[in-house]
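A short worksheet on the structure shown next.
Predicted, not measured: the structure shown is a model, and the values here were computed from it. Reminder, nothing fancy here: chain letters follow the sequence lines and each chain counts from 1.
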Amino acid sequence: MVSLLRNPLATADQLASSPSQADGIPADLETSLRWAGSELIQAAGILLRLPQKTVATAIVLFQRFYLLSSMRSCAITDSCHAVIFLSSKLTEHPATPRDIINVTTYLLNTPSPSPISPAPAAGQGSTPPEEHYVTEQEYYIRRTRLLNVEMEILKACGFQTHLSLPYTLCINYIQSLSVLSAEVVKKSFGYLTDALLSPSLLYLTHQPNSLAVAAVYIGARECEVKLPAAWWDVFDCEREELGFLVVCMKGVKEFVESERKLWSGRKPGVPWELDDLEIHLERRRVLDGEAEV
Amino acid sequence: MSTKPKSRWDDDTEATAAELARLKAEKAARKALKSQQKKKQLQSAAADGGSSAAPPSPPAPKRRKLDRSDESNAGDEDEAKLKLLRFSAPAITPCAHVDWYEKLNHIEEGSYGVVSRARDSRTGEIVALKRLKLERETDGFPITSLREIQTLMAARHENVVNLREVVVGGTLKDVFIVMDFIEHDLKTLSEDMQEPFLQSEVKTLMLQLVSATALMHSRWIVHRDLKTSNLLMNNRGQIKVADFGLARYTGDPMPPLTQLVVTLWYRSPELLLGAKEYGTTVDMWSIGCIFGELLLKEPLLRGKNEVDQLAKIFDLCGTPTDASWPTFRKLPNAKSLKIPKSNLPPQSKIRTKFPLLTSLGIDLMSRLLTLDPAQRISAEEVLKHPYFKEDPRPKSTEMFPTFPSKAGQEKRRRWDSPSAPVRGGEAPSLGDLGDLGGLFGGREEEAVGAGFSLRMGR
C-alpha cells in the first residue's frame, strides 16, 4: 500500500468536481487561492527554517485538503497553519503553533521578497512592529482554529498522510544515468519545487517516479546533457505522460508570474480569511451583474 | 382524472421547467463529452492494439511512430489526462464514521487507548477497534499516533496486524483505528498453557516475528516495543506484530531518539545505558528476550527497575569488556556503572539457562543477546540462521494447536489441577466401575464451539 513509488492520488471524479466550485467559488479564484496558499507555506517554511521535504509535504497536504473540502468552510490562513504544523510532525521537524502563527502574520503584514506580502509603502523604511504583532488573545483564537483544522485535514484525507517526494528518486535517476552534476540536480530540483505550484496539481495526479523523470528530462536538456534514447521507459514513465509533465512544469513559471501580476498591489488583496472571501465573492457578483447589464 | 395534474408537483411549473431544461442541457453536454472521450479511448486502444500486434518488439514501432520531434508534446496533453484513469494508486477518501461498527466487547485498555471488539455492519466482519485517547491532548493530534498510523500503513506484511482504516466519531476528539481482530496475544496464551511451546513451534513463531521485523527494518521503521503481549496470534498459528504506538521512522545517520522506549524487561543494554543514537538493533534485543520467553514460558529478564534490569542482563550475558563492547564506556550512564573487577573472564550463562537448546539455538540466542549493538545479529541474518534448518524443523502453521480466545470471550475449560495424593492414605481401589455413563456426563461443562483445545489435554 505504501511505497516509495506510490502516492495516494486524486481520482478523475475528484478533479472534475471541486467542492469549492460547487460551493460557489469561481474556478479562477480557486486556482489563485491554491497558488497563494502554497506561496505562503513555502515562504513560511523558509522563515521557520524547515527542510524542503517538510514544506513540500505541507503544500501537497494543502492541495489534498482542498480537493475534498470547500474553501468557504475553512480559511486559507488556518489551513496553511495546520498543514505546516501537521507536516512538521510527519517529517519529524516539529514547529510550534506559535512560531507558525507569528511567521505567517509577519509575512502577510510586512513587505518581504515573497509575492504574497504587501508591497512596501512609499517613503517608509520598515513597517512598525504593531503591524505584525500577534496579541495573546489573537494567538489563542488562531491556535484553536489551527488545531481544529488539523483534525479536519486528517479526517478529510482519511489519515492518508503518506507522501513520497520525488527529490531522492530524482538524484537516484540522475546517478543511474551517470550524468550526476550539481548543475543538473539543481535544475531538476528547481522544476520539482516549481511543480508544487502547478495549477494542474501535478503532485495529486502523478506518481513520484514520473515527476522525477520529467524534472530530470528538463534539467538535462537545459544543461545540454545528452541522455540515451527513450531512457524514461526504464523508470516506468510513458512518453505521453512525460510530455504532459514537461509542458506543465515549464508552464509553472508563466502561471506564477501572471498570478503575481494579478495580485500584487491589488486592494483588497488575496482573501486570506473567510470574511475577506465572502466580501470578495459579493464584490464579484456585483461586478458580474454590472457586466451583464 | 388522468388529465388533472397532481397539484403537489405542479405548483411552480415555470421554475421547474427552467431547472429541467438546464439539467437536460447539462446532461446532453456530459453525454457529448463522454462519447468524445470514448472515441478517443477507442482510438488509443486501437493504436495500442496495433502496436502490440507485432509480437517480436512491441514498444519499438510505437515509439518510432511518435518520435517525430520532442517539441510536439502539447498535443499529447488531452491523451495524458485521459490516462489518469488507469492509476491504481490509493484514492484520497475521507474517514468513515465509527457508527458503521457495532461494539461487541471490551478487550483491553492501555495508556494509549481502549481496544474493543466490534462488528463491521457493512460486511459483518469482526474487527478490533482501538480508540485513541485525545482528550488530554493540547498539542494537536499526537505525533505518536501519527507515527503509529503511518508506520502501520507502511509495514504491510502477513505477520503485522492489518490496519483496515481510521474512522472518526461525532467530535474531533473521537478517532478510532480499525484493525483485524486477532484471537490471542502470546503473553496471555502462554500464561494459560500448561507447557511451553515445542521447539518446532518456537521456530515457526520466531521466523514469523523476524520476517515481519525484517520488513519493518528494511522500510526504516523501528518498532521499539516488541514484547510477547504485543504479539497477537490467530487460530491458524500465525502471529501478528501489533501496537506500533512507539514505532517511528529512523534514518541513516540516525536522528537523536528518546531512550524511554521498550518495556523494561525487553530493553536493550545500550538503551539502559542512555544511548541517544540507536537503531533497529534495539528490536533485535527484544526478539532475543522473546525467544527466551517462548522457550521458558516466563519472561527471560525480569528486572525490578533499570539498575536491576542491567544487573540481570550482565548476569546472563556476562559483563561487558572493552573487547566485547568497545564503545560502552562512552555511553552516558556507563560512568555510574561499577563493574566489579574480577579475574574471571565474563561468562555467558545462556548455555546453562537453556539446557535443552541445541548448540545452534544457543548460538542464535547469544547473537541476539549480544551486548554490543554493532555486533548484534540483524533480522535478515536471523532468517538465514542454520538453527531454523536443523531438526526439529519449524512446524507448519496449519499444525498449530488452537485455543479458546479470551479477547473473543470464548469459554475455556477450567483445569483445577488435582493435588498430590496425601501420604499414608490408602490408594483408592477402582472397585466396581459401576455406571460408566459418568464418563460421558459433564460434557455440558466443556467448551462449546471455539475450536479444539488439543494442547489442554493431560
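Screening residues 169-182 of chain B for salt bridge (charged side-chain N to carboxylate O under 4.0 Å, His left out) gives B/Arg131-B/Asp174, B/Arg164-B/Asp180 as the qualifying pairs, with residues at least two apart or on separate chains. Under the ring-ring contact (aromatic ring centres under 6.0 Å, His included) criterion, the residue pairs touching residues 128-150 of chain B are A/Phe159-B/Phe141, with sequence neighbours excluded.
Proximity to chain A (any heavy atom under 4.5 Å) is shown, for B/Ile92, by both the backbone and the side chain. Contacts between B/Val167 and chain A at a heavy-atom distance below 4.5 Å are absent for every atom of the residue. Looking at A/Leu146, neither its backbone nor its side chain comes within 4.5 Å of chain B, counting heavy atoms on both sides. Both the backbone and the side chain of A/Leu90 come within less than 4.5 Å of a heavy atom in chain B.
Cation-pi check for A/Arg98 over A/Tyr139 is met; the charged atom lies under 6.0 angstrom from the ring centroid and within 45 degrees of its normal.
A/Tyr217 and A/Trp232 have perpendicular rings, their planes meeting at more than 60° on a 0 to 90° scale where under 30° would count as parallel. A parallel orientation is assigned to the rings of A/Tyr173 and A/Phe235, their planes being inclined by less than 30° (bins at 30° and 60°).
Counting heavy-atom pairs closer than 4.5 Å to chain A, the top residue among B/Leu134, B/Val166, B/Val175 is B/Val166.
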